[in-house]
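What follows is a short report on a single structure.
By convention here, the first residue in the shown sequence is residue 1.
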Amino acid sequence: MDGQERELRKIAEIIRERSYSRKPDSPPPEAEIRGERPLSEERLVFDESESQKPDTLPPEAEIRGERPLSEERLVHHIEGNDQDSPSEQPEMKQESKRYDEKNELSRARMLLEISKKMALCETLDQILQTLVDILITGVEADRGTIFLKDAESHELYSRVVRGNYQHEIRILADKGVAGNVFTTGKIANVPDAYNDDRFDRSIDEKTGFRTRSILCVPIRTVRDEVIGAAQLLNKEGGPFSKKDERFVDDATTQAAVALQTTQVVERIDKARKKEKELLDVVADITSEIDLGKILQKVMSQATKMIDSDRSTLFLNDEKKEELFSMIGAGLGAIEIRLPNSAGIAGTVFTSGMTVNIPYAYSDLRFNPGFDKKTGYFTRSMLCVPVNNKEGKTIGVIQLLNKRRGVFTDEDEESLKTFTAQVSIALENAKLFDDVQKIKDRNEGMLQSMSSGVITLNEERKIETCNKAGMEILKLDSEESIIGRQAEDFFGGPNAWIVERLKRVGEDPAGEPDVIVDAELEVEIKDADENPAPKTEKISANVTVLPLFTLEKKRAIVEGEEQIIEEKKKMGSMLMIEDISNEKRMKSTMSRYMDPDVAEELLKGGEDVLGGRSTVATVLFSDIRSFTTITEELGAQGTVSFLNEYFTIMVECIQNEGGMLDKFIGDAIMAAFGVPMPREDDPDRGMRAAISMLTEMFKWNKGREAMGKKTVDMGVGLNTDNVVTGNIGSPKRMDYTMIGDGVNLASRLESACKQYFSRILISENTYNALRGSYRIREIDKVVVKGKTSGVAIHEVLDYHTEETFPHMREVLGLFKDGLNDYRAMKWDSASQAFQEALSLNPEDKLSNMYIERCGYMKEHPPGEEWDGVWVMKSK
């Protein structure tokens, strides 16, 4: 045996002995190998040329099988026989001994090389791969994995690098064989993995790999702290031995310092990278002024930075006392609003304290209703207040579902730091957004005004002109007026306007100047570009107003500091109201008829008045027991009562764009779709009818409080063809509508009494509705004057749970009863109506059908009966 082999054997023996005998405070054997307690130069330095000649293989090559052992020696080594067999020869014993010695020498070389190889690695991924390769070679395993502790998520992780792609494996720190070894700190040597309860065989089933034996060793530092676990699978030729355990333990202990150091460096690099990214993001956000874009950027970065599933940034609307956020971008953005004291976000905003909920469903403050609506499952939640530089809370940011573990104190601090950096940008963007909204609102108001509005600066230079002003002055483009001096634009016959502008501008009191029925001369451009311009005179009411801005200044008045508001002139405004013939006619006609009819009349003239056929939804309403009311109130009281009633009802109709046709005593006739049809006229009529009932109940509460008698009414709706036009005599004309569609609406209003209902609609209206309402079909009837039956439906949307309890169940039972009734199943129909009546004893319609079923049972109709009921009264 040469000197080098003797030296390696001594080193291996030292490592093996000290692996079991060293005290906690004594330096580990690998420290001696790394140079922390240097060996003698003679023990470490050797000449490789002496130990390995060119024609010989290294000892580890024989272990790996590059120079095969004899069959007897290999079996003897694998089976680990320590006793001599009867047939064993001394030469075989000597050969086995030499095999073990070379194995020890090979492992000793590997242990010596670990520190050197670790030092050459620059990243944690390289260290993990290098260490795995050493362990696999050292114990002759099929594959191996190094798991390290993630202190933040309390998980074990490992990495697999394939080209430029890095795949990270994570397991819970107390699951599986590796988790058990990590938590207990004890080596696990499993000869048969499938017979060990800690092993999860489902992984083999997914991958197709067959795990036979497992060796898992805790990775300890010199301070005996467990920082991970090394797991080797499938030793070649049999189970892992005690020597394998010692080798893996020695190797991982020696590599632990490098692993820890590289982890620390990686965390520092990660934190530095995150800090740089944060600075870049803050710079990007602070350069943005659009509030919607800033909200999206902040939420996106917060989600990425804290590694969460999603986030929402709410800002406070001080005027409305609401928290709002915007989801999406551009025209598809959706604004979310909630009271600034509601929910967890409201709690954080009002208290200014962070809320960290690791398990949402176990916290009483969490409302699971949102998850049920959206289908999203909330596990954890972190909500942090957003404060400005003065410490005032201006909003909150809410993160959901940390991807790894739960939100930590470090996450809270990171989020607070981030929001503190972007709070100024958020305030500036919100201020800009408020100013922009005010500007847009003002411009919208100006553009929607029927009067022309022109603004001028102090030098009387025209700055703005709204759409109405362009139309009144017959201008084809803004360039024709914007930027021009008033003296230049309003010249010739219109020079008097300039004089009025000067007068108002020089008036110290700043009083407006109003010119009624003034005459303006405007040019009309000829399409043929005639050089001689045409002019037209228009009548207008012109108002000249000074424009001021209020500046607040601090001043000392009689020794006290006060805030003084000072007006500063900023120009003038010119308002032009067109009162030409068309406008005067419309104004006059609108006093006697619906403004929409007047508008159509002006546009269409005699064609509109002459009559036309159109589809409309007709509404009739009538007060119940009106005669009794008039007898109690007297003449003056009745007029006052009707005026108050009609005011409420007409407002409900006009709010939905309906046209009031006429009052017929206490009845109202109105239409939706006349004179201008709309696609949703049936829904407009439906909403108007529901609103009339709702407002009637409110009115009744006030009357009841004053000791007055309450009012009830019925409403009928029908959608059909009607004829509209100016009908009457040459001396008295009335724009109205006639036809069967109008008559059926009137019949339905009357039928409300018979069916104990307040709103009845025809089958035509029911089929034309687009919205969702609470409706039930109640009968098929032949109304007075008709021969064919029509289905009628009752509308119940004006009811509350108190006025119509168990509505959904009652409607279902009523439908079943009506189907059995039409099938002439009188007993089952009666039973269904009885059950509906038990749920709502006030449902008189169910009671009516119970009586009708009893009558039909005693007087059965013929087989040709189709379930249609003939109404014998209007």
* **Steps toward side chain to side chain contact (heavy atoms under 4.5 Å, CB included) verdict (Glu463, Leu456)** => CA-CA 5 Å; Glu463 293 184 330; Leu456 306 92; over 6 Å; no
* Determine the sole option in Ile515, Ile576, Val516, Asp578 for which the side-chain contact (heavy atoms from CB on, under 4.5 Å) test with Asn541 is passed. => Val516
* Any side-chain heavy-atom pair from Thr312 and Ile397 closer than 4.5 angstrom? -> no
* Asked: Rounded to the nearest 0.5 Å, what separation is found between the CE atom of Met649 and the CD1 atom of Ile653?
  -> 8.5 Å
* Charged N to carboxylate O below 4.0 Å: is that the case for Arg460 and Glu506? -> no
* Report the distance from atom CG of Leu501 to atom OG of Ser572, rounding to the nearest 0.5 Å. => 4.5 Å
* Go through the steps for Met696 and Met692 under the test side chain to side chain contact (heavy atoms under 4.5 Å, CB included), then give the verdict. => CA-CA 6 Å; Met696 182 195 74; Met692 290 167 72; over 6 Å; no
* Asked: Has the side chain of Asp317 got a donor or acceptor atom that lies under 3.5 Å from a matching backbone atom of Glu321?
  -> no
* Asked: Just checking, is any N or O donor in the side chain of Thr617 or Thr719 under 3.5 Å from an acceptor N or O on the other one?
  -> yes
* Would you check if Leu315 and Leu323 make a side-chain contact, meaning some heavy-atom pair closer than 4.5 Å? => no
* **Distance, nearest 0.5 Å, that separates CE of Met381 from CG of Leu399** => 10.0 Å
* Nearest heavy-atom neighbours spanning Cys652 and Ser691 -> SG-OG, 3.3 Å
* Asked: ring pair (Phe, Tyr, Trp, His ring centres under 6.0 Å) with Tyr773: which residues, sequence neighbours excluded?
  -> none
* What are the two closest non-hydrogen atoms of Phe407 and Leu400, and how far apart are they? -> CZ-C, 4.0 Å
* Please test Glu695 against Lys701 for salt bridge (charged side-chain N to carboxylate O under 4.0 Å, His left out), starting from the C-alpha separation and ending with a verdict. => CA-CA 10 Å; Glu695 293 300 319; Lys701 287 183 179 179; over 6 Å; no
* Asked: Just by distance, do the side chain of Asn466 and the backbone of Ile454 share a donor-acceptor pair under 3.5 Å?
  -> no
* Taking the six-membered ring for Trp, are Phe314 and Phe349 ring centroids under 6.0 Å apart? -> no
* To do: Could you check Gln398 against Ser311 for side chain to side chain contact (heavy atoms under 4.5 Å, CB included), going step by step and ending with a plain yes or no?
  => CA-CA 5 Å; Gln398 182 173 280; Ser311 68; over 6 Å; no
* Structure fact -> Looking only at heavy atoms, the pair that brings Val522 and Ile472 closest together is CG1-O, 4.0 Å
* Side-chain touch Leu619/Met669, heavy atoms, less than 4.5 angstrom -> no
* Taking C-beta and beyond as the side chain, do Ile394 and Asn316 meet within less than 4.5 Å on heavy atoms? -> no
* Atom NZ in Lys461, atom CD1 in Ile482: separation rounded to 0.5 Å? -> 10.5 Å
* Does the side chain of Asp683 come within less than 4.5 Å of Asp681's, by heavy atoms? -> no
* Asked: For the residue pair Phe663 and Phe646, does the interplanar ring angle fall in the parallel (under 30°), tilted (30 to 60°) or perpendicular (over 60°) class?
  -> parallel
* Asked: Can you tell me if CD on Glu651 sees more than 12 non-hydrogen neighbours from other groups inside 6.0 Å?
  -> no
* To do: Verify the distance criterion only: is there a donor paired with an acceptor across the side chains of Asn401 and Ser308 at less than 3.5 Å?
  => no
* Asked: Any sub-3.5 Å donor-acceptor pair from Asp488's side-chain atoms to Arg484's backbone N or O?
  -> no
* **Considering all heavy atoms, the nearest Ser451-Ala468 contact** => O-CB, 3.4 Å
* Decide whether Asn356 and Glu412 meet the rule of one side-chain donor and one side-chain acceptor closer than 3.5 Å. => yes
* **Pair Ile497-Leu574, side chain to side chain contact (heavy atoms under 4.5 Å, CB included): steps then yes or no** => CA-CA 9 Å; Ile497 294 178; Leu574 192 66; 3.7 Å; yes
* Specify the closest pair of heavy atoms between Pro385 and Thr354, including all atoms of both residues, with the distance to one decimal. => CD-OG1, 3.7 Å
* Candidates Arg678, Arg687, Arg684 - the one meeting side-chain hydrogen bond (donor to acceptor under 3.5 Å, both in side chains) with Glu656 -> Arg687
* Check: Ser351 side chain, Met353 main-chain N or O, donor-acceptor pair, under 3.5 Å -> yes
* **Spacing of Met575 atom CE and Thr455 atom OG1 [to the nearest 0.5 Å]** => 12.0 Å
* To do: Mind checking the CG-CD spacing from Leu547 to Glu458? Nearest 0.5 Å is all I need.
  => 10.0 Å
* Would you check if Trp699 and Tyr645 make a side-chain contact, meaning some heavy-atom pair closer than 4.5 Å? => yes
* Least distance between heavy atoms, Ile481 atom then Met470 atom -> CG2-SD, 4.2 Å
* Taking C-beta and beyond as the side chain, do Trp496 and Val542 meet within less than 4.5 Å on heavy atoms? -> yes
* Under a 4.5 Å cut-off applied to non-hydrogen side-chain atoms, are Glu521 and Glu536 in contact? -> no
